[in-house]
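The chain is numbered in sequence order, starting from 1.
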Amino acid sequence: MPGATIRTLTTAAELAESDAVFHAAMVGLPAPAADEDVAAVREPGRTFGAYVGDGILVGATDSTSGTMTVPGGARVAHAAVTHVGVLPTHTRRGVLTALMRHQLEDCRGRGETVASLRASEAVIYGRYGYGIASVTHAVSLDLRDAELRATAGSGAPPVRLVDPESSWDLLQRIVDRQQSGRAGTISRGALWWRGLRARTRPAPHYVAVCGEDGFVCYRPLDTAAWFTSRDRTVVVTDLHAGTPDAYRALIAFLLRLDLVHTVRFPWLPADDPLPWMLTDHRAARVTGVGDETWLRLVDVPGALAVRTYNQGAAVTVRVDDALLPENSGNYRIGPDGADRTGGAPDVQVDVADLGAAYLGGARWHQLRDAGRLQELSEGAVDRLDALFSTPRAPFAGVMF
């Protein structure tokens, strides 16, 4: 089959067709609403389509611009990649590779330092330089056994329920006012909020806010059997707390919900304090661990230069990037920063594995012991672990 032609999709009809391709590729996603305006939630100029034959659209991808917080607190230009799909009739023919290469080159041309995505399949995106940079824990909280420790009291403002339909501006204001400093946090721009609003179904859902320091959104499961159920469950769909006090107040609010036996958190940071707030640590049970941020360093020298490092001896790292070869080279990384160097490397790593370690999520010794990098100088990996370690686990907490 001749190679696919990649071009930017601009018209409402083209964007709607790309959305149909994405849903066909994903197979199991709910069908979009009949009146959904795809163009309203796409950033102009960032949706790309792959065409074959006589103008047949067989694949597409798009992204949204924003920022990501990196270790040390700097926010770098970030592309949130989503709606990646190729029709099942045209997979394994190089279509996705052409799309990914075109998108990454476009991101680089825009001056974006990193890109990230949420992967539908774990075996796809490593070949395009994406690495697993953060993980999440799914937690089930049994309210029958959950009681806050006395020391978990809060000095935060009282929690109040607000009308979900009129709360969007308030929630956006809280996020903008109380931005997390945790590495991996990504910005929630106007398009993100517009997309969330479009996806929100009319099923019962609730929003509770703690002053303007945080909020929690939740909804009940299995409402048809709610009054006779012996395990009434609510799921937390969004939780944002700008201060520890606000977080404890929102958790305390959830613990006080009547007619509820279980609260499910689909994603929490790996080092979330929730279990440590309870008299019975086991009341908060981890039911699953999953990959969250798949990170791609689009501009390797820029990304390495902007984050901070701990004290320790410098290490020279050889980075290999087949898709964006201008990133390939040797980099001296130390407490004073990172720069290209002509010196001999102590470690050799693929750009995908560098992305996994970049936010402090994957440890360098894990990558070495898994055979994913070469340690060319004894002790170099231990020095990298010391340089790259972060006080908190990376976490985005945002789906897109």
Undergrad: Name all pairs fulfilling the side chain to side chain donor-acceptor pair (under 3.5 Å) condition that reach into residues 207-216, sequence neighbours left out, sorted by first residue then second.
TA: R173-E212, R177-D213, Q178-D213
Undergrad: Could you pull out the closest heavy-atom pair between G397 and W267, with the gap in Å?
TA: O-NE1, 3.6 Å
Undergrad: Does atom CZ of R372 have more than 12 heavy-atom neighbours, drawn from other residues, nucleotides or ligands, at distances under 6.0 Å?
TA: no
Undergrad: May I have the step-by-step check of side chain to side chain donor-acceptor pair (under 3.5 Å) for S116 and H78, ending in yes or no?
TA: CA-CA 8 Å; S116 72; H78 165 255; 2.7 Å; yes
Undergrad: Kindly write out the residues that satisfy side chain to side chain contact (heavy atoms under 4.5 Å, CB included) with W192, not counting sequence neighbours, or none if the list is empty.
TA: R188, L196, D238, V398, F400
Undergrad: Judged by atom type as modelled, is there a donor-acceptor pair below 3.5 Å linking the side chain of Q348 to the main-chain atoms of L376?
TA: no
Undergrad: As an exercise, state the distance from CE of M399 to CD1 of I186, rounded to the nearest 0.5 Å.
TA: 9.5 Å
Undergrad: Using every non-hydrogen atom in the two residues, find where L297 and A303 come nearest and quote the distance to one decimal.
TA: CD2-CB, 4.1 Å
Undergrad: Could you work out, with side chain to side chain donor-acceptor pair (under 3.5 Å) as the rule, every residue matching Y128, not counting sequence neighbours?
TA: T97
Undergrad: Just wondering, are more than 12 heavy atoms of other shown residues or ligands nearer than 6.0 Å to CG in D169?
TA: no
Undergrad: Minimum heavy-atom separation for C210 to V159, with atom names?
TA: CB-CG2, 4.1 Å
Undergrad: Can you pull out every side chain to side chain donor-acceptor pair (under 3.5 Å) where at least one residue sits in residues 388-399? Sequence neighbours excluded, please.
TA: N310-S389
Undergrad: Just checking, is any N or O donor in the side chain of T8 or R46 under 3.5 Å from an acceptor N or O on the other one?
TA: no
Undergrad: Quick check for you: to the nearest 0.5 Å, what is the distance between L9 atom CG and T61 atom OG1?
TA: 10.5 Å
Undergrad: Less than 3.5 Å apart, any donor N or O on the side chain of R296 or Y130 sitting next to an acceptor on the other?
TA: no
Undergrad: Quick one: do the H261 and D231 side chains pair a donor with an acceptor below 3.5 Å?
TA: no
Undergrad: Is there a donor-acceptor contact under 3.5 Å linking the side chains of Q374 and R318?
TA: no
Undergrad: Looking just at side-chain N and O atoms, do S18 and H83 make a donor-acceptor pair shorter than 3.5 Å?
TA: no
Undergrad: Hey, could you give me the CZ/CG distance between R127 and L323, rounded to the nearest 0.5 Å?
TA: 11.5 Å
Undergrad: Looking at every heavy atom in both G211 and R160, which two are closest together, and how far apart are they?
TA: O-NH1, 3.6 Å
Undergrad: Measuring from T151:OG1 to M277:CE, what's the distance to the nearest 0.5 Å?
TA: 9.5 Å
Undergrad: Can you name the salt bridge (Lys or Arg N to Asp or Glu O under 4.0 Å) partners of D271, sequence neighbours left out?
TA: R182
Undergrad: Rest of the hydrophobic cluster containing L221 (Ile/Leu/Val/Met/Phe/Trp/Tyr, side-chain heavy atoms under 4.5 Å)?
TA: V235
Undergrad: Any donor-acceptor pair under 3.5 Å linking the side chain of S229 with the backbone of W226?
TA: no
Undergrad: To the nearest 0.5 Å, what is the distance between CD on E375 and CG on D369?
TA: 9.0 Å
Undergrad: Under the side chain to side chain donor-acceptor pair (under 3.5 Å) rule, collect the residues that match up with Y51, sequence neighbours excluded.
TA: R7
Undergrad: Check whether R93 reaches the backbone of T89 with its side chain - one donor and one acceptor, N or O, closer than 3.5 Å.
TA: yes
Undergrad: Can the positive tip of R307 be found less than 6.0 Å from the middle of the six-membered ring of Y309, inside 45° of the ring normal?
TA: yes
Undergrad: Look at the side chain of S328 and the backbone N and O of D321, then say whether any donor-acceptor pair between them is shorter than 3.5 Å.
TA: yes
Undergrad: Just so I know, are the side chains of V349 and V317 near enough to count as touching, which here means a heavy-atom distance under 4.5 Å?
TA: yes
Undergrad: With sequence neighbours left out, which residue pairs that include part of residues 343-377 fulfil the ring-ring contact (aromatic ring centres under 6.0 Å, His included) condition?
TA: W364-F388
Undergrad: Please identify each residue that fulfils side chain to side chain contact (heavy atoms under 4.5 Å, CB included) with L257, with sequence neighbours left out.
TA: Y218, V234, F253, L254, V260
Undergrad: Please go through F22's hydrophobic cluster and name the other residues, only I, L, V, M, F, W, Y counting, with side-chain heavy atoms under 4.5 Å joining them.
TA: M26, L29
Undergrad: First locate atom CD1 of I333, then atom CG of L354, and finally report the distance between them rounded to the nearest 0.5 Å.
TA: 6.5 Å
Undergrad: Testing the basics here: between P394 and S134, what is the closest heavy-atom pair and its distance to 0.1 Å?
TA: O-CB, 3.4 Å
Undergrad: How far apart are the C-alpha atoms of S377 and V347, what are their side-chain angles, what is the distance that settles it, and do they pass the side chain to side chain contact (heavy atoms under 4.5 Å, CB included) test?
TA: CA-CA 7 Å; S377 299; V347 170; over 6 Å; no
Undergrad: Could you tell me whether a side-chain N or O of S187 sits under 3.5 Å from a main-chain N or O of T67, the two making a donor and an acceptor?
TA: yes
Undergrad: Hey, are the side chains of V236 and V216 touching, using non-hydrogen atoms and a 4.5 Å cut-off?
TA: yes
Undergrad: Write down the atom of Y331, the atom of V319, and the distance for their closest heavy-atom approach.
TA: CD1-CG2, 3.8 Å
Undergrad: Test side chain to side chain contact (heavy atoms under 4.5 Å, CB included) on D346 and R383; report intermediate values, then the result.
TA: CA-CA 10 Å; D346 301 305; R383 299 200 300 274; 4.2 Å; yes
Undergrad: Could you tell me whether the side chain of T11 and the main chain of E14 form a donor-acceptor pair under 3.5 Å?
TA: yes
Undergrad: State, yes or no, whether a side-chain contact exists between H137 and P269 at a heavy-atom distance under 4.5 Å.
TA: no
Undergrad: Once side chain to side chain donor-acceptor pair (under 3.5 Å) is applied, what residue pairs with a partner in residues 280-291 remain, sequence neighbours excluded?
TA: D291-W294
Undergrad: Less than 4.0 Å between a side-chain N and a carboxylate O, is that true for E36 and R199?
TA: no
Undergrad: When you check the gap from the basic side-chain N to the acidic O, do D19 and R42 get nearer than 4.0 Å?
TA: yes
Undergrad: Between T237 and C217 (side chain of the first, backbone of the second, donor and acceptor by atom type, cut-off under 3.5 Å), is there such a pair?
TA: yes
Undergrad: Whether the side chain of E292 engages the backbone of A396 through a donor-acceptor N/O pair (distance < 3.5 Å, no angle test) should be reported.
TA: yes
Undergrad: If we ignore angles and hydrogens, is there a donor and acceptor under 3.5 Å between the side chains of E43 and T64?
TA: no
Undergrad: Under the rule for side chain to side chain donor-acceptor pair (under 3.5 Å), what residues qualify as partners of R363, not counting sequence neighbours?
TA: D385
Undergrad: Looking at E378, I'd like to know if its CD atom is crowded, meaning that more than 12 non-hydrogen atoms belonging to other residues, nucleotides or ligands lie closer than 6.0 Å.
TA: no
